[in-house]
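Structure record follows, encoded as structure tokens.
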Amino acid sequence: MRRLNLPRRPRRLRRTVAIRNMVAETAVTPADLIQPFFVIDGEGAPQDIASLPGQQRLSIRDLVAACEELYRLGVPGVALFPSLESALKDPTGTEALNPQTLVLRAIRAVKKAVPELSIITDIALDPYTSHGHDGIFNPAGTDIDNDGTVEILRKMSVLCAEAGVDFVAPSDMMDGRVEAIRESLDDAGLTETAIMAYSAKFASAYYGPFRDAVGSASAAGTTLLGKHTYQLNPANRREALLETELDELEGADVLMVKPAGPYLDIIREVRANTHLPLAAYQVSGEYAQLHAAARLGWLDLERCRDESLLAIKRAGADMILTYFAKDVALQAKG
Ligand code: PBG
């Protein structure tokens with residue numbers, strides 16, 4: 001047999017586990033992850049969510065226990081999403097500004113029990129509106145009213161900050177909301193509350209299971225609710241970069257790309273274009289599809305889970321919002 005005369009044999013560095021670990025360029029640890037949680041009112045038992053296997057809607061009491069466990073496992077943050085009964089929803093999302101609304105009570109309870117755990121809450125109206133949109137309609141009912149929605153988001157942000165969140169996370173994609181929210185927080189003396197901006201948030205079909213979980217789908221009568229007049233067109237890369245630049249100029253502390261897996265190119269480019277920390281949201285549909293394939297015996301859940309997170313980190317995300325956070329942390333503990 002003839003020996004190839006090769007100056008480089010890359011396989012030398014893949015020969016053993018020890019060598020492979022020495023040359024590994026990327027690792028995902030529990031400290032990189034943020035766990036989203038869904039919260040419901042009352043003292044009831046956890047409710048399963050059919051399209052999000054392993055995730056449940058939790059009462060505040062169960063949420064606090066889950067947050068304590070997560071913090072012990074080394075996960076530094078949670079994103080809280082309220083799931084409200086439809087009687088509390090109306091076209092203008094009035095309940096969002098109720099000073100005793102569910103998410104504010106949940107924030108206070110979690111902060112009291114686990115003060116070091118970072119809490120992030122969405123600033124958007126979809127859990128509160130009867131139509132499931134992230135904002136209010138204009139008087140003609142033809143589109144979501146940008147500036148009128150931002151007025152409400154300012155107040156929501158101040159309420160969440162006063163309740164103790166570390167980050168408010170505008171996820172609505174209205175123009176100018178980051179600057180407006182920063183101004184309102186500062187005016188209220190809440191200068192230390194940070195803004196994690198859902199900057200490049202695409203109008204994605206991967207949000208379906210989340211809409212089941214918070215009931216914005218049933219409110220709208222469809223999981224395919226079109227948010228194309230405010231969320232980004234999945235076809236557009238330059239426009240995504242423009243959105244992240246604007247949010248940075250408006251005062252965002254952390255930028256976000258969402259969904260994550262189908263948008264690795266965007267994560268990569270945003271990473272190269274800013275010095276701010278970058279978050280990526282591995283959304284409900286990305287989680288659900290791995291579970292569905294695993295259930296059919298077609299994919300190995302744990303290995304695909306780890307590979308999907310590694311890819312998001314490798315693309316340039318500093319932190320990842322993922323429904324897998326607790327599972328990964330449990331496995332890391334051994
Ligand atoms: C609401 C919001 C959505 C998600 C996070 N915040 C859904 C939407 O915009 O309709 C999706 C998260 C997921 O799918 O896991 N503004």
Side-chain angles (χ1 to χ4, degrees), residues 33-39 49-57 77-84 89 93 96 103 120-136 144 146 149-150 152-153 156-157 160 165 167-174 177-178 181 195-234 243 256-263 279-292 305 308-309 312 320-326:
L33 307 179
I34 296 165
Q35 171 80 45
F37 277 128
F38 300 103
V39 57
I49 304 158
S51 52
L52 278 178
Q55 306 297 309
Q56 296 175 310
R57 302 185 194 89
V78 293
L80 303 183
F81 297 98
S83 176
L84 300 183
K89 303 187 185 192
V103 80
I120 299 148
T121 50
D122 255 37
I123 303 298
L125 289 177
D126 56 304
Y128 305 99
T129 51
S130 41
H131 41 71
H133 277 289
D134 291 22
I136 57 172
I144 297 302
N146 192 88
T149 299
V150 171
I152 304 174
L153 301 180
M156 248 181 116
S157 300
C160 288
V165 294
F167 294 87
V168 290
S171 66
D172 56 294
M173 291 297 283
M174 296 302 125
R177 89 279 207 219
V178 171
I181 288 170
I195 299 178
M196 181 185 291
Y198 284 74
S199 305
K201 177 170 176 180
F202 291 87
S204 173
Y206 285 89
Y207 305 150
F210 174 95
R211 293 180 186 171
D212 293 338
V214 300
S216 57
S218 56
T222 170
T223 37
L224 300 175
L225 188 64
K227 299 191 175 182
H228 299 87
T229 72
Y230 43 104
Q231 298 178 350
L232 282 165
N233 182 345
E243 282 284 8
M256 192 199 296
V257 173
K258 173 187 177 198
Y263 296 87
Y281 198 143
Q282 183 182 51
V283 301
S284 56
E286 299 179 71
Y287 173 89
Q289 67 186 353
L290 292 184
H291 270 276
R305 171 196 76 194
S308 68
L309 293 169
I312 295 164
I320 307 173
L321 292 94
T322 172
Y323 301 91
F324 287 123
K326 183 180 161 190

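Both ligands and their constituent atoms are indexed starting at 1 by order of listing. Nothing here was measured: the structure is a model prediction, and the numbers come from that model.
Listed by number with element, the atoms of ligand 1 under 4.0 Å from a non-hydrogen atom of Tyr281 are 12 (C), 15 (O). Atoms of ligand 1 lying under 4.0 Å from any heavy atom of Asp122, numbered from 1 in the order shown and given with element: 1 (C), 2 (C), 5 (C), 6 (N), 16 (N).
The option from Gln231, Lys258, Arg211, Lys227 that lies nearest to atom 5 (C) of ligand 1, judged by heavy atoms, is Lys258. In this comparison of Tyr198, Phe210, Tyr230, the heavy atom closest to atom 13 (C) of ligand 1 sits on Phe210.
Counting heavy atoms under 4.0 Å from ligand 1, residue Tyr287 does not touch it at all.
At least one test fails for Lys201 against the ring of Tyr281: distance under 6.0 Å to the centre or angle within 45° of the axis.
Note on ring orientation: taking the six-membered ring where Trp is involved, the planes of Tyr263 and Phe202 are parallel (angle under 30°, cut-offs 30° and 60°). Below 30°, between 30° and 60°, or above 60°: for Tyr323 and Phe38 the angle between ring planes is below 30°, a parallel geometry.
Residue contact annotation: Lys201 has a non-hydrogen atom under 4.0 Å from ligand 1.
Partner Ile120 forms a side-chain contact (heavy atoms from CB on, under 4.5 Å) with one of Val165, Ile34, Leu80, Val78 and no other, that one being Ile34.
Distance check: Ser284 OG to Asp212 CG gives 8.0 Å after rounding to the nearest 0.5 Å.
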